[in-house]
Amino acid sequence: MENSMKKKTFTESEEVELRRGPWTLEEDTLLTNYILQNSEGRWNVVAKCAGLKRNGKSCRLRWLNYLKPDIRRGNLSPQEQLLILDLHSKWGNRWSKIAQYLPGRTDNEIKNYWRTRVQKQARQLNIESNSDKFFDAVRSFWVPRLIEKMEQNPSNTYCCPQNNNNNNNSLLPPSQS
DNA sequence: AACATGTACAACCGCACTGCG
DNA sequence: TCGCAGTGCGGTTGTACATGT
């Protein structure tokens, strides 16, 4: 990564120095305004037409993970956490697929949650995070704790609108359900 | 108060897939 | 059929902030 400009993926004729790193408020505004007026379309075109010195990929990521109006921010509710555990036990690291069942949550957010909290727990227990042993620990320790939390504080439970049918009754990993 | 360490999350990278000419 | 550009996904890294000593 010694040279950020080593590879250009679009229009070599345009020697535009692409910006990287954290987005500024101004860039956010440019991107948001452009998309609200013109819809998403091709990301490289969006980047260019919005007047951003970013590549399309970067714009897409920023929009999907941060700027999109329906993004839910803040802590994951116990029910959402339970759902993630459940879905992960079915599909593994298919973050985007899991995210489809948590409206307003992004694959990036779920992935981060898994890495920082779930895998941390696994490390503390000294077990492989994708092993059978780990899922046993999740079933016998973590899931009951989350259910307890939900019962103690029902107001913070979150009801997934389009997936009630297949998830609300299936909060335990498939081997139990 | 200052420093060290841990945590959370935004952003980047590489690869695979898809659609189009 | 092939090559290319665009896109999506999962893994990884960087860094700001929180917490502990």
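All of these numbers come straight from a predicted model, not from anything done at the bench. Worth knowing before you read on, the calculation uses all heavy atoms, side chains too, and leaves out hydrogens, waters and symmetry mates. Note on naming: letters A, B, ... go to the chains in the order of the sequence lines (proteins, then strands), and numbering restarts at 1 for each one.
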Same apolar cluster: [X] and [Y], side chain cutoff 4.5 Å:
{"X": "A:L87", "Y": "A:L85", "result": "yes"}
{"X": "A:I147", "Y": "A:I84", "result": "yes"}
{"X": "A:Y101", "Y": "A:W114", "result": "yes"}
{"X": "A:W23", "Y": "A:L25", "result": "no"}
{"X": "A:L83", "Y": "A:Y113", "result": "yes"}

Legend entry - For A:Y66, all residues meeting side chain to side chain donor-acceptor pair (under 3.5 Å), sequence neighbours excluded: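 By the side chain to side chain donor-acceptor pair (under 3.5 Å) rule, A:Y66 matches no residue at all.
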
Legend entry - side chain to side chain donor-acceptor pair (under 3.5 Å) involving A:W43 - partner list, sequence neighbours excluded: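 None.
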
Legend entry - From B:dC12, B:dA10, C:dT7, nucleotide with atom closest to A:S58 side chain: B:dC12

Legend entry - Proximity to the side chain of A:P22 - top-ranked nucleotide from B:dA11, C:dT12, C:dG8: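 Given the options B:dA11, C:dT12, C:dG8, the side chain of A:P22 is closest to B:dA11.
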
Legend entry - No-H, no-angle donor-acceptor pair, A:N108 side chain to B:dA11 base, under 3.5 Å: yes

Any residue meeting side-chain contact (heavy atoms from CB on, under 4.5 Å) with [X], in chain and number order, not counting sequence neighbours:
{"X": "A:L30", "answer": "A:L52"}
{"X": "A:R94", "answer": "A:W91, A:K97"}
{"X": "A:T106", "answer": "A:N65, A:I71, A:N108, A:E109"}

Inset, instruction - Working to the nearest 0.5 Å, report the span between NZ of A:K111 and CD1 of A:I98. - result: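 Going from the NZ atom of A:K111 to the CD1 atom of A:I98 covers 11.5 Å.
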
May I ask you to evaluate whether [X] reaches the phosphate of [N], defined as a side-chain N or O under 4.0 Å from OP1 or OP2?
{"X": "A:R94", "N": "C:dG10", "answer": "yes"}
{"X": "A:R54", "N": "B:dC12", "answer": "yes"}
{"X": "A:W114", "N": "C:dG11", "answer": "no"}
{"X": "A:R20", "N": "B:dA11", "answer": "no"}
{"X": "A:W43", "N": "C:dA5", "answer": "no"}

Legend entry - Least distance between heavy atoms, A:I110 atom then A:A99 atom: CD1-CA, 3.4 Å

Legend entry - Residues from residues 29-38 of chain A lying under 4.0 Å of DNA chain B - heavy atoms: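 Of all residues in residues 29-38 of chain A, none places a heavy atom under 4.0 Å from DNA chain B.
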
Output the rounded distance in Å from [atom1] ([X]) to [atom2] ([N]).
{"X": "A:Y113", "N": "C:dG10", "atom1": "OH", "atom2": "C1'", "answer": "19 Å"}
{"X": "A:R19", "N": "B:dA10", "atom1": "CZ", "atom2": "P", "answer": "17 Å"}
{"X": "A:L25", "N": "B:dA10", "atom1": "CG", "atom2": "C1'", "answer": "16 Å"}
{"X": "A:R105", "N": "B:dA10", "atom1": "CZ", "atom2": "P", "answer": "11 Å"}
{"X": "A:N65", "N": "C:dG8", "atom1": "CG", "atom2": "P", "answer": "12 Å"}

Inset, instruction - Could you check whether A:R73 gets within reach of a base, just the sugar-phosphate, or nothing at all, counting any heavy atom under 4.0 Å? - result: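 If one applies the 4.0 Å heavy-atom cut-off, A:R73 turns out to touch the sugar-phosphate alone, with no base involved.
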
Inset, instruction - Just jot down the salt bridge (charged side-chain N to carboxylate O under 4.0 Å, His left out) partners of A:R60, sequence neighbours excluded, or say none. - result: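 Here no residue qualifies.
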
Legend entry - A:E27: partners by salt bridge (charged side-chain N to carboxylate O under 4.0 Å, His left out), with sequence neighbours left out: A:R19, A:R54

Inset, instruction - For the pair A:N44 (side chain) and A:G56 (backbone), establish whether a donor and an acceptor sit closer than 3.5 Å, ignoring hydrogens and angles. - result: yes

Inset, instruction - State whether the side chain of A:S89 and the backbone N or O of A:D86 hold a donor-acceptor pair below 3.5 Å, judged by distance alone. - result: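 Side chain of A:S89 to backbone of A:D86: a pair is present.
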
Legend entry - A:L82 side chain reached by A:V143 side chain, heavy atoms, under 4.5 Å: yes

Collect all protein-nucleotide pairs involving nucleotides 5-8 of chain B in which both atoms are nitrogen or oxygen and the distance is under 3.5 Å.
unit_1: B:dT7; atom_1: OP1; unit_2: A:K120; atom_2: NZ; d: 3.4

Might you list the N or O atoms of the protein lying below 3.5 Å from N or O atoms in nucleotides 15-21 of chain B, with each pair's distance?
unit_1: B:dC15; atom_1: N4; unit_2: A:K57; atom_2: NZ; d: 3.2

Legend entry - Degree of bending in the helix from B:dA2-C:dT21 to B:dG21-C:dC2 once both end axes are built from five pairs, to 10°: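 Result, rounded to 10 degrees: 10°.
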
Dump every N/O contact between nucleotides 15-20 of chain C and the protein below 3.5 Å, one line per pair.
none

